[in-house]
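This is a predicted model, so every value here is computed, not measured. Just so it is clear: chains get the letters A, B, ... in the order the sequence lines come, proteins before strands, and each one is counted from 1.
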Protein chains: 2
Amino acid sequence: MKGIRQLARHLDISIGTVSRALNGKPDVNEETRKRVLAAAEELGYVANQSGRSLRQGTTNVIGLMIESTKETVENSDNFFLGVTGGLQSVLARHKLDLIMLPCPNDEDPHEYLKRMVARRVVDALIISATQRVDKRIDLLVKAKIPFVALGRSSSGGSYTWIDLDFEGVAASAVDRLVSKGHRRIAIAAPSNDINLGYIFVDAYQRSLERHGIAYDPSLVIRVKSSEQGGYQAGHEMLRLDGKPTAIILIYELMAIGFYRRLTEAGVVPGRDVAVIGFREEPRGKFLQPSLTCFRMSLRDLGVELAETLLATMPAYSEHYPKGVHNTIWPLELVPGESDAFTLAN
Amino acid sequence: MKGIRQLARHLDISIGTVSRALNGKPDVNEETRKRVLAAAEELGYVANQSGRSLRQGTTNVIGLMIESTKETVENSDNFFLGVTGGLQSVLARHKLDLIMLPCPNDEDPHEYLKRMVARRVVDALIISATQRVDKRIDLLVKAKIPFVALGRSSSGGSYTWIDLDFEGVAASAVDRLVSKGHRRIAIAAPSNDINLGYIFVDAYQRSLERHGIAYDPSLVIRVKSSEQGGYQAGHEMLRLDGKPTAIILIYELMAIGFYRRLTEAGVVPGRDVAVIGFREEPRGKFLQPSLTCFRMSLRDLGVELAETLLATMPAYSEHYPKGVHNTIWPLELVPGESDAFTLAN
DNA sequence: ACGCTTTCCGGAAACGTTTTAGTGTGGCAG
DNA sequence: CTGCCACACTAAAACGTTTCCGGAAAGCGT
């Protein structure tokens, strides 16, 4: 277990042969290979990663960069853990390991990523929480590190990303509300620079206009994507002139605070105002009335992410269609009672 | 940026000197050091981690192993992300990076850990979700990898761990309920092998007996630590002979389902039965009535974890008290309305 | 017997870094 | 002048692995 040399000596065989045997290379007798494998198992030998990485210039590790800002901590809940399941199921087939790289919240994500890239600790990366213009993308493109962004940025350049189908979700939500007679539909969007908020609101605007409803900027409420933000959204909505009869909440978590503020004001969600949330959360079930929202499989998203990532890695491009992929990930409507409120018209 | 050799050539200096200059070693002229540092910055040179690790047998990386089983995904929510903040703030001072190692849910955690250890990809480890008897601990002890377990096991052997103060929490909860006149107090504990459940129930039993209340095993309800589990717990509690007047829920998340089942039966939490939860969750606020529970700072726990871990690492023992540490982490009671129900007696 | 191919294996170089041992210079005390 | 030391540096070894290259042995057709 000191290294391959010990193993080779123990077998009275050259280390080159041992290495080839272990790595499934040709040019080694099947009989010998069996002996080597057995001995490795018995002595508990596993190749030292540093030595291997140094030699072949590859680490066989994929990094998933996540940010542990207070907001992410409060919101993302099971999101990343859910995605890793699907990721790993694909990566394992190629003997790739996944590690999560949590960016310290007192460090600039861009600097952090630069450090990780320079140290060559991963072969490829998945970045998340993509900003509207995200310097990390230029960095990775320039460094020629294969990567896929979970969430598209708005900066130019061609790179691989996967993003949720905000357009589809916004259209579906607006269509549903309009079909119930609503014309003044508000939307609560996150106030930070995550690109999601902008794309979502754009799609919301287009959907409205498709129904011949003029876009009213005062109906776009920008708040923190948190429970408090939802409360705030409820507060602001109640103060609006020409009160909206429906609202779309981009983060499901907002619904908690939103309901609370409405209840305080004696307004009943689902009866006096129609509410649609966005991403389903397992623990959203408690909400009364149940929230109409959109569901996706985190595991499947992980699988898609892994396959898309492998496609960007030259070493694996034989199995996966090479090139730049831009994928829109669909979600499915989960009807609830929160948008039961219907306007006669 | 091809490597230290390029940098050395560019400076017309030997690579040994460059290395010493960059690493703050003595035997290098201050003038030279400045030149080297400037050139490294300018050319964007960062040492290749594999080369360095290979040479010095150390990776400067700390691993936090987490399990992404379905249960963990549903429950752990922001727990790990919250802890990483504190962890990193300490580790960064020693130029140590933190990575999270998510164990694939189709792989045995013990095997996974063995692989990671053998590959020598981290210098030290934090393991979590400690089992009642946990093979991982023997493995790490035997391999002489510095580690700290988040959660103690019940197997023998001396190793460093940090665990939550279940004894204190159980005693505090029982005392509080007893002082409100309750004598039949149920407890909902997780049905898996996580050691937490056992320790908690033991402490619950001792607390009861301290008040002269006989321990009744039928009041211990073992369910999944999830929302469904809470529903199940509510169901079982309603069926018990000699209905309990109070209950302790080990996972806050259980409260969602528990409330739901009670509501279905027309039983009002806080009025007809006293409920105390365990660990506060940011998104528990929605519960009506608000749940009496226990709070701790995840960030502070992370700091403690990091310092304890460093104490187990020989290379850092100068700054931290060396040796085996066993720490009990306190929590603070957060009074709510869920245990307002008081028995006259 | 000869040449050719195939099969299997050993030797050695290479990856990028840190660290040890050694070298040359100059200053200073004797 | 000689010996000694401190200083700043160079050269080279070492870490553990993979992979390239060459060569021995065996099989096979002529």
_B/Asn195 versus B/Ser154, side-chain donor and acceptor atoms under 3.5 Å_ = yes

According to side chain to side chain contact (heavy atoms under 4.5 Å, CB included), who are the partners of [X], at least two apart in sequence or on a separate chain?
| X | result |
| --- | --- |
| A/Arg33 | A/Ala21, A/Val28, A/Glu30, A/Leu37 |
| B/Ser14 | B/Thr17 |
| A/Ala118 | B/Val46 |

*For A/Val61, does its backbone N or O pair with a side-chain atom of A/Asp97 as donor and acceptor, under 3.5 Å?*
no

*Without swapping roles, check the side chain of B/Thr308 against the backbone of B/Trp161 for a donor-acceptor pair under 3.5 Å.*
no

*Close side-chain approach of B/Thr327 to B/Val148, heavy-atom, < 4.5 Å*: no

*Measure the distance from CD on A/Glu31 to P on C/dT7 and round it to the nearest whole Å.*
17 Å

*Calculate the interatomic distance between B/Ile13 atom CD1 and D/dT10 atom P; express it in whole Å.*
6 Å

*Output every pair passing ring pair (Phe, Tyr, Trp, His ring centres under 6.0 Å) with a member in residues 83-105 of chain A, not counting sequence neighbours, ordered by first then second residue.*
A/His94-A/Tyr316, A/His94-A/His319, A/His94-A/Tyr320

*Would you jot down, in residue-number order, the residues of residues 32-40 of chain B having a non-hydrogen atom under 4.0 Å from DNA chain C?*
none

*Would you give a per-nucleotide map of nucleotides 13-21 of chain D, 5' to 3', where B means the base has a protein non-hydrogen atom under 4.0 Å away, S means only the sugar-phosphate does, and - means neither?*
BBBBBBB--

